[in-house]
There are 2 protein chains.
Amino acid sequence: MTEKSRPLRADAARNRARVLQVAYETFAEEGAGVPIDEIARRAGVGAGTVYRHFPTKESLFQAIVAERLRQVVERTREQAAADPGEGLYAFLFQMAEQGATDLGLTEAFAGIGFDLAAALPEAEKEFTGLMAEILAQAQRAGTVRSDLDAADIKTLIVGLQAMRRFRGDSELMRRVYPVIRAGLAAPEHRSVD
Amino acid sequence: MTEKSRPLRADAARNRARVLQVAYETFAEEGAGVPIDEIARRAGVGAGTVYRHFPTKESLFQAIVAERLRQVVERTREQAAADPGEGLYAFLFQMAEQGATDLGLTEAFAGIGFDLAAALPEAEKEFTGLMAEILAQAQRAGTVRSDLDAADIKTLIVGLQAMRRFRGDSELMRRVYPVIRAGLAAPEHRSVD
DNA sequence: ATATAATCGGGGCGCTCGTTCCGTTTTGGA
DNA sequence: TCCAAAACGGAACGAGCGCCCCGATTATAT
């Protein structure tokens, strides 16, 4: 459907690739708020060139986020297959780490000026599905309390990423992550009343 | 020093109060990004009037944040005095709740476009001091693991507020809060290696 | 080599928003 | 009541940024 009707000209293809690569790095460093002109400048092209390949700034951002998600999903599948009980923790840790590096992904995930589910429905669905899967796996393995669902995990990820951003220093972040982990592993707190 | 050299004219005093009140509500609803014009409109005054009382938008925002912090500190002192072991948890819960209601405070706290320590050094110092105090109190009471410090708690607050904002629904937030609490109460995880 | 079409670059438009300016209105003391 | 000082409001300015336009440039088929 949306396949290329004609191959891009050589210079056009080169520029497109450069823009993608630079945008990837720049969104990660500066967040979604970075001006298109800055990305164009870093890529050594004019703003017009960026807009010829991506009709809006948002569409460029979407492309980047989709790629990031793809990577995370892939790595998570591997890790979950290797160790079912640890899969969810490996996932959380990875997402927290990404939150430190990739400001853009953090914002997309937290829904700051960007509706992930609306913009990339399939990617979002796959992502959420994977999360539910590895959560159930971990719960079956007994490493995570059973009264939590995928939405709770998603919420925790948003929190973890915010914390990472706040406390850039990875060493100190490792002080808080164990707390979350202990909380997830804790037995359900049967109501006290 | 900065005391009023002359009492404000009646209309000026009235307008100043209105602006403060409206800004309080508007920053809470919309976050620090809301235009001054919007605050002026809601207060029924011109933008110029806002600027006569507060030289910059930031100074207005500061005034609001300082007031919010004052309230939180006061309530926390009461709660901590009433139940030393629960003081920290009451504080966390309160901060998480504020995060749901007060977008401006959340942003100020997470350091999004606003450096709390630089803008309001005394308030920040008092706040951090109080946190250290009730943390130590809880640790003495044995309700919080002993390998955490005030900076860790601050980090957790940022996370909690981000989660609240993401998951507005207070009922569902109550699904995640217990996880954090369990993690805080868990015994220290002596290194396994 | 040349023509033609694809692509490029960056100046410019339109909009938002913080802040200022100034002609007009209101206040309060004499 | 009257007037000078204080305060008002909203038009206007400047900066930042998304996006578009168009004359200049470059790739490719012949």
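Residue numbers begin at 1 in each chain, while the letters A, B, ... track the order of the sequences.
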Can a donor-acceptor pair under 3.5 Å be found between the side-chain atoms of B:Arg52 and the base atoms of D:dA7?
no
Look at the side chain of A:Arg9 and the base of D:dT28, then say whether one donor and one acceptor between them are separated by less than 3.5 Å.
no
OP1 or OP2 of C:dT7 sitting under 4.0 Å from any side-chain N/O of A:His53?
no
Kindly say if B:Asn15 contacts the phosphate of D:dC8, meaning a side-chain N or O under 4.0 Å from OP1 or OP2.
yes
Nearest to the side chain of [X], heavy atoms from C-beta on, is which of [options]?
X: B:Val45; options: D:dG9, D:dG18, C:dC8; result: D:dG9
X: A:Ala12; options: C:dT7, C:dT19, D:dC20; result: C:dT7
X: A:Lys57; options: D:dC19, D:dC8, C:dG18; result: D:dC19

Cluster check A:Leu8, A:Val19: I/L/V/M/F/W/Y, side chain < 4.5 angstrom:
no
Do NZ/NE/NH1/NH2 and the carboxylate oxygens of A:Arg42 and A:Glu38 come within less than 4.0 Å?
yes
The residue, B:Glu58 or B:Asp11, whose nearest nucleotide of DNA chain C is more 5′ is B:Glu58
May I ask you to say what A:Ala10 touches in the nucleic acid, namely base, sugar-phosphate or nothing, with a heavy-atom cut-off under 4.0 Å?
sugar-phosphate
Geometric class of the A:Phe93/A:Tyr177 ring pair [parallel <30°, tilted 30-60°, perpendicular >60°]
perpendicular
Report the secondary structure of DNA chain D in dot-bracket form, marking unpaired bases with a dot and bases paired to a different strand with |, and treating Watson-Crick or G-U pairs with both distances under 3.5 Å as paired.
||||||||||||||||||||||||||||||
